[in-house]
Amino acid sequence: MPKRSIPAVTAGAALVCLAAFGPTPGSAASAPAQPSPAGSSRFVPGSCPKPPEPIEALSDARCGFLEVPENRSRPGGRTIKLAVAVIQAVTPAKPAQAPVVFMAGGPGADTFDDIPFLVDSGLNKDRELIIMAQRGNLYDQPNLACPEVDRFNAQAVGLGYDAQEAEQVFLKAVKDCRDRLTADGTDLSAYNTTENAADFADLRKALDIPQWNVYGYSYGSNLALTYLRLHPEGIRAFAIDSITPPQVVTLPWTWGSTAEGIDNIFEACAAQPACKDRYPDLPRTLTEQVRKLEAQPLTLDVPPPNGGKPVKVVLDGGALLNLIVAFNPRPKDLPAALEELSDGNPERFAKARAAGSVQKVGEFAHGLTNSVVCSEWAPGYSEADVLKAGRKTYPGWPDTVLAQVPQLPFQYPACGIWNVPDRASVQRVATVSSVPALVISGTFDVKTGASWAKDVARNLSGSTAIQVPGIGHWVVPQSPCAQSVLASFFAHPTAPDTSCVDGLEPEPFTIIPN
């Protein structure tokens, strides 16, 4: 298992001094991008990043930048730099020939921060592991961080989740970030999944790799499917985890995905006699608490989980739901936390809310998030469609909760500010392929519901699909069985050993005394 806990960061909320790799956190300044010869891409060796919390695997990695055109549709435009690390195999004497290239979640999450999870999961046990920060991420030039949004997220814990003040402060932060990035000459329309996929295609060629294996999770699965569709050459085997299918991901879609994961958690509790007896009607409890807190929010002074001075937190219905979606508390503790809340003890949720007051300012590329979401996920639908989908999923819940996309509040007005072109028609396309594929889902995933993987697997004729019971978002680092299946798949792509999945059950839920 990973030495670090799986972060609860998401696309919508967050969700390092490096001399050779660009800006320090809290500053979006970076080395200016250079003019690009038409269509040119090249790898330039360089120093590895030096994160604040050292990453052991980088100590002997080969690093550098992939230089690519910022916008491939504009020949002669400027070049941007994407940070790359090639991590050697644990058994370097005779490593497997085809390396693994990783595509991270987000969009906007720090890819390099995922390295310890990947190493602890065995991704580089017998083959090289290639890491590249998606365009605009930390250590890239330019870095599309929005410290303004990070500071809002820290402040937001003391505001109502859907409050007018929260919306005003958030939209100002989005505008300030956009104005600053565009003033530096950044073409926000170029930070999209099509360009991301082309970057990885160029990386394989620049590193002179005949074949490699692909592994992506969450948004990285969306990117990987796009990459497989547009650049299938050189892909030996293809694995995706916690699936966001390009053809169906829209903002209203998130409601059904969220409800599926929560329902699976509640159903798993009902299947365990001790959990069922102690928490007999969790759906009703959740609805009651969402309605109660939205009508009468709690305002509390709570210290963050890792210590420090108490901070003001507002716990309302929207905040409650979004903490659950962010896996805070973890699924095994969720029934206990809801029961405590219904008994007048909000401590678990309040501390989880207080955790948001501590932000890693400047590490999450909210600019990439907004460019992808606003060009690919938002078009064709409206705030009214989000509310309609919410009402269908949770009839009887307050409209003030249902009007906001889980994890992406105020996204439609934010997209009005971000103002990037509609790319829905080119991105919402199913990937059809016969490349050997492994599709991994967790039944407790409340961000990317497990059932959505079925449509993806149906279009991948050489695919094997597994569902791991009791695991939430990003399955492999949390499941030794999934790690074993993934290793077997990369060794034998057409015949992976999935036997460990048979008989798996969710771990026992936390039972608090009556």
Side-chain angles (χ1 to χ4, degrees), residues 10-13 15 152-153 155-174 248-263 265-266 281-300 313-326 328 334 337-338 341-342 346 349-350 352-353 356 370 373-374 377-418 446-449:
T10 67
L15 16 153
F152 160 77
N153 287 334
Q155 180 184 353
V157 302
L159 303 172
Y161 188 81
D162 63 320
Q164 185 177 14
E165 182 182 0
E167 180 175 8
Q168 290 172 345
V169 177
F170 173 67
L171 295 181
K172 183 181 186 304
V174 170
V248 300
V249 173
T250 63
L251 294 183
W253 166 86
T254 59
W255 275 114
S257 196
T258 291
E260 179 185 347
I262 293 175
D263 288 348
I265 294 169
F266 290 171
D281 194 347
L282 287 169
R284 178 179 58 82
T285 302
L286 175 60
T287 293
E288 287 177 349
Q289 294 309 306
V290 167
R291 296 178 68 174
K292 179 180 178 181
L293 287 173
E294 194 67 4
Q296 295 179 308
L298 296 175
T299 301
L300 307 159
V313 301
V314 173
L315 190 60
D316 57 13
L320 174 63
L321 174 68
N322 280 271
L323 289 170
I324 294 171
V325 176
N328 203 351
L334 178 58
L338 286 171
L341 182 63
S342 68
F349 287 111
R353 181 84 161 133
N370 280 326
V373 171
C374 296
W377 302 356
Y381 296 90
S382 66
E383 291 171 287
D385 294 314
V386 170
L387 178 58
K388 181 180 178 181
R391 286 171 172 169
K392 180 180 179 181
T393 304
Y394 287 114
W397 280 27
D399 281 357
T400 47
V401 174
L402 302 176
Q404 301 302 333
V405 178
Q407 300 290 285
L408 292 168
F410 317 122
Q411 193 59 54
Y412 276 101
C415 287
I417 292 169
W418 206 252
V446 295
K447 297 181 182 180
T448 56

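Note that these values count all heavy atoms, side chains included, but never hydrogens, waters or copies made by symmetry.
The CZ atom of Phe266 sits 5.0 Å away from atom CG of Leu334, with the distance rounded to the nearest 0.5 Å. Rounding to the nearest 0.5 Å gives a distance of 10.0 Å between CD1 of Ile324 and OG1 of Thr258. One finds the CD atom of Glu260 at 11.0 Å from the CD1 atom of Ile265 (value rounded to the nearest 0.5 Å). To the nearest 0.5 angstrom, Lys172 atom NZ is 12.0 Å from Gln168 atom CD. From Asn322, atom CG reaches atom CZ of Arg353 across 8.5 Å, with rounding to the nearest 0.5 Å. Here the straight-line distance linking atom CD of Glu288 with atom CG of Asp281 works out to 8.0 Å at 0.5 Å rounding.
Of all heavy-atom pairs between Pro379 and Val373, the closest is CD-O, 4.2 Å. Nearest heavy-atom pair, Leu315 versus Ala350, reported as atom, atom and distance to 0.1 Å: CD2-N, 4.4 Å. Across all non-hydrogen atoms, the minimal contact from Asp385 to Gly380 is OD2-O, 4.4 Å. Closest non-hydrogen pair, Phe152 versus Ala173, comes out as CB-CB, 4.4 Å. Between Val446 and Gly261, the closest heavy-atom pair is CG1-C, 3.3 Å. What you find for Gln404 and Tyr161 is that their closest heavy atoms are CB-CE2, 4.3 Å.
Contact check for Phe170 versus Asn153: no side-chain heavy atoms found under the 4.5 Å cut-off. Residues Glu383 and Leu387 are not in side-chain contact: their nearest non-hydrogen atoms beyond the backbone lie 4.5 Å or more apart. Here the side chains of Thr393 and Leu402 are not in contact, with every heavy-atom distance at 4.5 Å or above. For the pair Tyr381/Val386, no side-chain contact is recorded, criterion being any heavy-atom separation below 4.5 Å from C-beta on. Taking 4.5 Å as the limit, every side-chain heavy atom of Trp253 sits out of range of all side-chain heavy atoms of Val405. For the pair Ser257 and Lys447, the minimum side-chain heavy-atom distance is 4.5 Å or more. Using a 4.5 Å cut-off on side-chain heavy atoms (C-beta onward), Leu286 and Leu321 make no contact. Residues Trp255 and Tyr394 form a side-chain contact, since some pair of their non-hydrogen atoms from C-beta on lies under 4.5 Å apart.
Of the listed residues (Val401, Asp316, Asp399), just one forms a side chain to side chain contact (heavy atoms under 4.5 Å, CB included) with Asp162, and that residue is Asp316.
Within the 3.5 Å criterion, the main-chain N or O of Ala378 finds a donor-acceptor partner in the side chain of Tyr412. Without hydrogens or angle criteria, Thr299 side chain to Val314 main chain gives no donor-acceptor distance under 3.5 Å.
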Practice item. Step by step, work out the side chain to side chain contact (heavy atoms under 4.5 Å, CB included) result for Gln407 and Thr254. Key: CA-CA 9 Å; Gln407 300 290 285; Thr254 59; over 6 Å; no
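Side-chain atoms of Glu294 and Thr400 include a donor-acceptor pair closer than 3.5 Å.
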